[in-house]
Amino acid sequence: MTETGEPEIDLLSHYARSLGIEVSGFEDGVPVLCVSGIDAIEGRPGHFHGGATSGLMETAAYALLRLALHERGEQAQLKPINITVQFLAAAKKAPLFAKARITKLGRRSANVTVEAWQEERDRPRASAVMNVMIARSEPEAD
């Protein structure tokens, strides 16, 4: 961890950055991601495209898994098995936040839940459940 409490690992992919996704901070050691209402991810006028909302939540899940594995001193390639997204309310063209929670982190797979919200955290815009395959890197032999 750095002096600011941020991990010394890159939590975001190039794809996430192309959508404008950023780490807005950490809550209890868990990254909170944010994307602003940029035109490139607009669906119907004044609202996020559902794919952009899903991409934010998927990125939040991967960021938390990368962090958890990094803290264990492990490296792994993460591959999606499935993701189920529930759109609960239209996400307006305003900052959209997402935070993940690891439900299970096993040797070969993980289960993660994610919630996305805007102004009021207790009124989520979407939620997701994601299963991820974990392909751990073998330690190099001397």
Side-chain angles (χ1 to χ4, degrees), residues 1-44 47-142:
M1 293 278 186
T2 64
E3 291 178 14
T4 61
E6 295 181 23
E8 296 174 359
I9 181 175
D10 191 5
L11 299 177
L12 301 177
S13 67
H14 295 294
Y15 169 72
R17 283 192 186 82
S18 74
L19 289 177
I21 296 172
E22 301 174 335
V23 177
S24 72
F26 289 80
E27 291 180 358
D28 302 320
V30 175
V32 176
L33 275 54
C34 178
V35 66
S36 296
I38 60 174
D39 290 340
I41 57 176
E42 185 177 47
R44 67 183 165 109
H47 295 81
F48 279 97
H49 186 280
T53 301
S54 298
L56 173 65
M57 291 191 298
E58 180 180 17
T59 300
Y62 285 142
L64 181 55
L65 286 171
R66 282 188 192 102
L67 181 59
L69 291 168
H70 177 76
E71 288 174 349
R72 292 180 174 190
E74 300 176 16
Q75 291 184 354
Q77 188 174 23
L78 304 174
K79 301 178 181 180
I81 297 171
N82 64 21
I83 182 169
T84 302
V85 177
Q86 295 178 317
F87 297 101
L88 306 171
K92 298 173 186 158
K93 199 172 168 183
L96 180 65
F97 300 91
K99 184 178 176 185
R101 182 176 66 87
I102 297 173
T103 316
K104 175 192 177 242
L105 180 56
R107 286 187 307 119
R108 292 180 281 180
S109 67
N111 181 275
V112 183
T113 59
V114 187
E115 202 165 79
W117 69 93
Q118 287 187 304
E119 307 86 21
E120 300 174 55
R121 192 170 196 158
D122 60 341
R123 297 187 67 196
R125 301 295 179 167
S127 64
V129 176
M130 187 170 178
N131 296 301
V132 180
M133 183 171 65
I134 302 172
R136 286 184 165 79
S137 302
E138 295 296 322
E140 294 182 20
D142 292 331

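As the structure is a computational prediction, the values presented were derived from the model and not from experiment.
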Under 3.5 Å, is there a donor-acceptor pair between the side chain of Arg125 and the main chain of Ala90? yes
Under 4.0 Å between a side-chain nitrogen and a carboxylate oxygen: does that hold for Glu74 and Arg66? no
Heavy-atom count check: over 12 atoms from other residues, nucleotides or ligands less than 6.0 Å from Asp28 CG? no
Is Arg17 salt-bridged to Asp10, cutoff N-O under 4.0 Å? yes
Would you mind reporting whether Met57 and Val85 have side-chain heavy atoms less than 4.5 Å apart? yes
Ignoring hydrogens and geometry, is there a side-chain-to-backbone donor-acceptor pair from Gln118 to Ala94 under 3.5 Å? yes
Quick check: does any side chain N or O of Thr59 sit under 3.5 Å from a backbone N or O of Ala16, one acting as donor and the other as acceptor? no
When you compare the side chain of Phe97 with that of Leu33, does any pair of heavy atoms fall below 4.5 Å? no
Modelled atom types, side-chain donor and acceptor of Gln86 and Ser127, under 3.5 Å: yes
Nearest non-hydrogen partners of Leu56 and Ala98, listed with the distance: CG-CB, 3.7 Å
Answer yes or no: is there a side-chain heavy-atom contact under 4.5 Å between Trp117 and Lys99? yes
Would you check, one step at a time, whether the test side chain to side chain contact (heavy atoms under 4.5 Å, CB included) holds for Arg136 with Leu69? CA-CA 9 Å; Arg136 286 184 165 79; Leu69 291 168; 3.5 Å; yes
Do the side chains of Leu78 and Ile134 get nearer than 4.5 Å, heavy atoms only? yes
Would a 4.5 Å heavy-atom cut-off, applied to side chains only, mark Pro31 and Leu64 as touching? yes
Could Glu27 and Arg121 be called an ion pair, given the rule that one side-chain N must be under 4.0 Å from one carboxylate O? yes
If we only count heavy atoms from C-beta on, is the Val32 to Val30 side-chain gap below 4.5 Å? no
From OG1 (Thr103) to CG (Asn111), nearest 0.5 Å: 4.5 Å
Residues Phe26 and Leu67: closest non-hydrogen pair is CE2-CD2, 4.2 Å
A side-chain contact here means heavy atoms from C-beta on lying under 4.5 Å apart; do Ile83 and Val129 qualify? no
How many angstroms lie between NZ in Lys104 and OG in Ser109, if you round to the nearest 0.5 Å? 3.5 Å
Heavy-atom pair with the smallest gap, counting every atom of Ala116 and Leu96: CB-CD1, 4.2 Å
Can you tell me how far the NZ atom of Lys92 sits from the CD atom of Glu119, to the nearest 0.5 Å? 5.5 Å
Passes side chain to side chain contact (heavy atoms under 4.5 Å, CB included), Met130 versus Glu58? Steps please. CA-CA 8 Å; Met130 187 170 178; Glu58 180 180 17; 3.5 Å; yes
Distance-minimising heavy-atom pair for Pro124 and Leu88: O-CB, 3.7 Å
Can you list the steps and then say if Leu65 with Leu105 is a side chain to side chain contact (heavy atoms under 4.5 Å, CB included)? CA-CA 8 Å; Leu65 286 171; Leu105 180 56; 4.0 Å; yes
Heavy-atom closest contact (Leu11 atom, Ala63 atom, distance): CD2-O, 3.5 Å
Are any of the side-chain heavy atoms of Val23 and Leu12 separated by less than 4.5 Å? yes
